[in-house]
Q: 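The structure that follows is given in the form of structure tokens.
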Amino acid sequence: MNTQTAELSPPRMFRRWFAFLGGGCAWTYHLLTIYVIGEFGCVSGFDRHVYAGISAVAWLLIIASVIALVPAIAATWIGYVDARRDAREEENPYEEGGRYLSSFGWPLNAVFTMIIFVESLPVFGYLGGC
Amino acid sequence: MNPSAEKNRQRFTRTWQTPPGIAGWIAEVNNRPLGIRYMVTSLAFFLVAVVLAMVMRTQLAVPDNNLLTPDTYNRVFTMHGSTMLYLFAVPFIEGLGLYLIPLFIGSRDVAFPRFTNFGYWMYLFGGLTMYASIFTGQVPDAGWTAYTPLSGPRFSDMGLDFWLLGLSMVEIGGIGAAVEIVVTILKLRTPGMGIQHMPILVWSYLAAGVMILFGFTPLLLATLLLELERSLGFRFFDVHAGGNSLLWQHLFWFFGHPEVYIIFLPATGVLSTIIPVLTGRRLVAYNLVIVAIMVTAFVSFGLWTHHMFTAGLPDLPMLFFTAASFMIALASGIQVFAWIATFWGSRPPYTVPMLFILGFFFVFVNGGLTGVMVATMPFDWQVHDTNFVVAHFHHVLIGGAVFPFLAGMYHWLPKFSGRLAGEKCGRIGFGLIFIGFNFTFVPMYIIGLLGMRRRVFTYPEELGVGTLNFISTLGAYSLGSGFAVVLLGLIWSAWRGRLAADNPWNGATLEWSTPSPPHASGFQRPPVARDRYPLWLEPPQDALQSELTRAADGLDHRPVSWRATLVTDVTNGIPQAVQYLPGSTLLPFFTAVAILGVFISVLLKNFIAAIALTLLVLGLFGRWLTIDPDLPREEADAFAERMQLPLLSSGTRTVGWWGMLGMIAILFTVLAALIYGYFYLRLYSDEWPQMGLPLPGLAGSLPAYGLLVASGVVQFFNMRARMRGDRRFLLRGMAAVVILGAAFTSGELWNLANMPFSPKTNAYGSIFFTLNGFVLLTVLAGVLLMGGALMRMLLLEEPVDTPRLQLWLQNSELFWFFAVAAGLVAFVTTYLAPRIL
């Protein structure tokens, strides 16, 4: 049984799965973080601290959103690059599933990137405080 | 066929058959009979809930009605909602999944057959516990959401304890079934079924299964916390002792919103399966539909606070949830348009499933649009807690789930029973349901906008909603009658309907390649599947096909004296190993009975009996874990030679390893929810610790946690010793871990016993003890696991690389690393954070 060809090296397997799930994981981090910063920051009065006209809570939310966008965009890009490389290479039926992770993953991650961006927008209506 | 081969086939058939008699029925582990059992039980609960709904609507038919007292009405709507959401919707989905998923993926059974049996009994006992409250005259009355303080000890009677404990049992069964489904889909797919070839139904169940793991666990924790408050005087939610009622709402809705998508996603999978069969075409935009499923699965966890828009939380964080709520509507829209595109230009037959699908489009889209409305804060502030919301969620749940599932019942009845469902009865039933539904719930939008609140037992005539309520009640009678007609029709058809062919609809997926109903083993020879629609396409004839066919042929009516299925890799569906599957046993049933005993003891406040029965439960679980596969040596060797695959393996090639990963995911979620609860209570307290309590001392805790960290370091070296097969080092190292773990447990117990406060002092005390108690229990469980592995090594004297031992060691390792990490997080949270933040 030719199982070896189905078992990619760990770094390559990680890259494929990151290209598939990276956006979703980035979104999860983003939503939970902005919720915690939002409720905990606003209730504790942390928004009273203002820097360059923007409250500390708003700054944290912006930073958290930028941090979330990085892996989401990276997962989209890696998936796209890998999908294009796979399209140029000869088909390997033993690795079809892995290729699918990349070719399917990048549109999925693009959607998550868009969602992260949209969910970040409300902060711009509350830059001065909660 | 030669006599020897025929004899083997008969032995193979016998191996998969259920043992006879009542004991055999109780001990059943095959997924299909248990799936049927889940579905039948859930439909029975469904009918009870429908009757309760009729009673409610009769009370609301006219203004100022006094058919029911306010108290009775509260109990009726509580049981209606609880039954529909906890005892019907998810168990039905799980039953359908347990039946269909192995057939869809070409597996002979699910990953943990004994756990399927256990899960069913837990579900049944949990549901019966909830309803047993009737015999005490104290039926639960706090709604299916059981908000505190209404559900707390001050305002609710014993009925809530029945509710909490019954629900906990149902949740345990549900979470177990989810682990089954996820691991089965990831590891037991038939040769060739890579991730790109998984049918949409399988994707939807995979998503729902993972969602259950992370979504149900907070509710399980919340119900246990509330029961601790009610039975033992903890103060998590008691505002007079520093607790916070909103903490319950957060924990509840973190479950509650994903719950509705857990119900919805498999229903969409059903539609995505039936529509191609009706149209004779492949589903349009398969990839986009999976995008929609994945987006829904993730984003559904980011909506929960939209149920709390009127709770007084700050506007800014609420807006994030509004944005997320809008985004998830896009995902649902993608699926709807994919289905419409699949239908476009085709001429599907207007059979009963088609009627229910059309009904789904009308009702669900209506409900989805009103969902976007209530996701907008200012609008929600007006309609929250009115009948508008009741109308919305019935549209999305009945339209989005019940209609597709009824379509599915008609579609798959031939597979379940070998008989076709009667069309006439189905059409009559559909007509009654569709007309009844719209007359029941469309007026409710108007009633709600006119100001009638929900969960009120009557309303004054001056409100001017009497006529609309009357129409709604008539609609409800039609709806209830329709459900009765449909279900009775299905029962009749299953018993006396026309005999069905194996594939009466020319379906494309693997379940239609089996007889109707399937053999006890499901697949006597696993199929090879290299397409999303394997029955519609001939596979390519290449080297991979030959290899996969060889693996499948190896399992053709084999093995004959034990149960087995193939394990394939997660991504590409390439065979990796043969998985032994246990046969029928009464152990799961006795374990469920013992757990029921624990919960009844808690209900009766007999905590000594509860502790004794808990020890029995641990013993029974330990017995499960220590039963080794009993493979006849000669047959096993010949089989392994033929298959060229390991029969017993370890690591990621076994379902056991993945099951441990699932267990850790559950425990991680509990830990995360407890940490969240700690900081949430901290956030809304003026001082921390509350009420001037002293900070917990480090003098006792530092040494104890130091021992725990040391055990983690030792375990790291144990892991390396396992990898190189160093038995001597392992024995000493594992003994050291057991000793260090036991020492930590004793030390921290002594610490907690000497704290200047107790769990009943205030909310701070409650969360402090609960969080540290969770760590103690986790470490104790780790000590037992590690001790068990050590005993095995000492008693059996197996080489370290024996697969079964390796699996034990790997699983114990994983668990121990989690326990140490959990301990560190709890230590930082409870001992260090109050000193810094």
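Only heavy atoms go into these numbers, but all of them, side chains included; no hydrogens, no water, no symmetry mates. In the text below, chain A, chain B and the rest are named by the order of the sequence lines, each starting its count at 1.
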Q: Only pairs of heavy atoms separated by less than 4.5 Å count here; which of B/Ile290, B/Thr322, B/Leu313 has the most with chain A?
A: B/Ile290
Q: Could you name the residues of residues 74-82 of chain A that have a heavy atom within less than 4.5 Å of a heavy atom in chain B?
A: none
Q: Does any heavy atom of chain B fall under 4.5 Å from the side chain of A/Phe40, the backbone, both, or neither of them?
A: both
Q: For the backbone of A/Ala72 and the side chain of A/Asn109, can you confirm whether one donor and one acceptor N or O come within less than 3.5 Å of each other?
A: no
Q: Say whether A/Tyr100 and B/Asn287, considering side chains only, have a donor N or O and an acceptor N or O under 3.5 Å apart.
A: yes
Q: Quick check against the 3.5 Å criterion: does B/Thr217 have a side-chain atom that pairs as donor or acceptor with the backbone of B/Phe214?
A: no
Q: Please check if the side chain of A/Asp47 supplies one atom and the backbone of A/Gly129 the other of a donor-acceptor pair under 3.5 Å.
A: no
Q: Where does the angle between the aromatic ring planes of B/Phe254 and B/Phe301 fall among parallel (under 30°), tilted (30 to 60°) and perpendicular (over 60°)?
A: tilted
Q: Less than 4.5 Å to any heavy atom of chain B: does that hold for the side chain of A/Leu121, its backbone, both, or neither?
A: neither
Q: What residue, out of B/Met327, B/Gln545, B/Met318, has the most heavy-atom pairs lying under 4.5 Å from chain A?
A: B/Met327
Q: Got a donor-acceptor contact below 3.5 angstrom from the B/Asp569 side chain to the B/Ile574 backbone?
A: yes
Q: Go through the side-chain N and O atoms of B/Gln576 and B/Lys187 and say whether any donor and acceptor fall under 3.5 Å apart.
A: yes
Q: More than 12 heavy atoms of other residues, nucleotides or ligands under 6.0 Å from CZ of A/Arg48: is that the case?
A: no
Q: Which pair of heavy atoms, one from B/Leu188 and one from B/Gln579, lies closest together, and at what distance?
A: CD2-CB, 4.5 Å
Q: With a 4.5 Å cut-off on heavy-atom pairs, point out which of A/Cys42, A/Gly41, A/Gly125, A/Pro93 contacts chain B the most.
A: A/Pro93
Q: Just to be sure I understand the criterion: a residue of residues 675-685 of chain B counts if one of its heavy atoms is under 4.5 Å from a heavy atom of chain A. Which ones qualify?
A: B/Tyr676, B/Phe679, B/Tyr680, B/Leu683, B/Tyr684
Q: Indicate, with yes or no, if the rings of B/Trp304 and B/His257 have centres closer together than 6.0 Å.
A: no
Q: Between A/Glu39, A/Glu119, A/Met114, who has the most heavy-atom pairs with chain B when the cutoff is under 4.5 Å?
A: A/Glu39
Q: Relative to chain A, which segment of B/Met294 carries a heavy atom at a distance below 4.5 Å: side chain, backbone, both, or neither?
A: both
Q: Suppose a student defines contact as a heavy atom less than 4.5 Å from any heavy atom of chain A. Which residues in residues 189-197 of chain B would they list?
A: B/Ile195, B/Gln196, B/His197
Q: Can you list everything that forms a side chain to side chain contact (heavy atoms under 4.5 Å, CB included) with A/Phe46? Sequence neighbours excluded, please.
A: A/Ser44, A/His49, A/Ala56, A/Val57, A/Leu60
Q: Within the side chain of A/Thr28, is there an N or O that forms a donor-acceptor pair under 3.5 Å with the backbone of A/Gly24?
A: yes
Q: At a heavy-atom distance under 4.5 Å, which candidate from B/Pro314, B/Ala297, B/Ala331 has the highest pair count against chain A?
A: B/Pro314
Q: Do B/Thr305 and B/His250 pass the side chain to side chain contact (heavy atoms under 4.5 Å, CB included) test, and can you show the C-alpha distance, the side-chain angles, and the key distance before you say yes or no?
A: CA-CA 7 Å; B/Thr305 323; B/His250 279 293; 4.3 Å; yes
Q: If you apply the rule side chain to side chain contact (heavy atoms under 4.5 Å, CB included), what do you find for B/Trp658 with B/Val567, and how did you get there?
A: CA-CA 12 Å; B/Trp658 292 87; B/Val567 174; over 6 Å; no
Q: Given a strict heavy-atom distance threshold of 4.5 Å, which part of A/Ile37 is in contact with chain B: side chain, backbone, both, or neither?
A: neither
Q: Report yes or no: does A/Trp59 contribute a side-chain atom to a donor-acceptor pair with the main-chain N or O of A/Tyr51 at less than 3.5 Å?
A: yes
Q: Is the shortest heavy-atom distance from the side chain of B/Phe321 to the side chain of B/Phe326 under 4.5 Å?
A: no
Q: Checking B/Thr654 side chain against B/Gly651 main chain: does a donor-acceptor pair fall under 3.5 Å?
A: yes
Q: Is it true that B/Phe320 and A/Tyr35 have ring centroids separated by less than 6.0 Å?
A: no
Q: Select, from A/Val111, A/Ile34, A/Val118, the one with the greatest count of heavy-atom pairs under 4.5 Å involving chain B.
A: A/Ile34
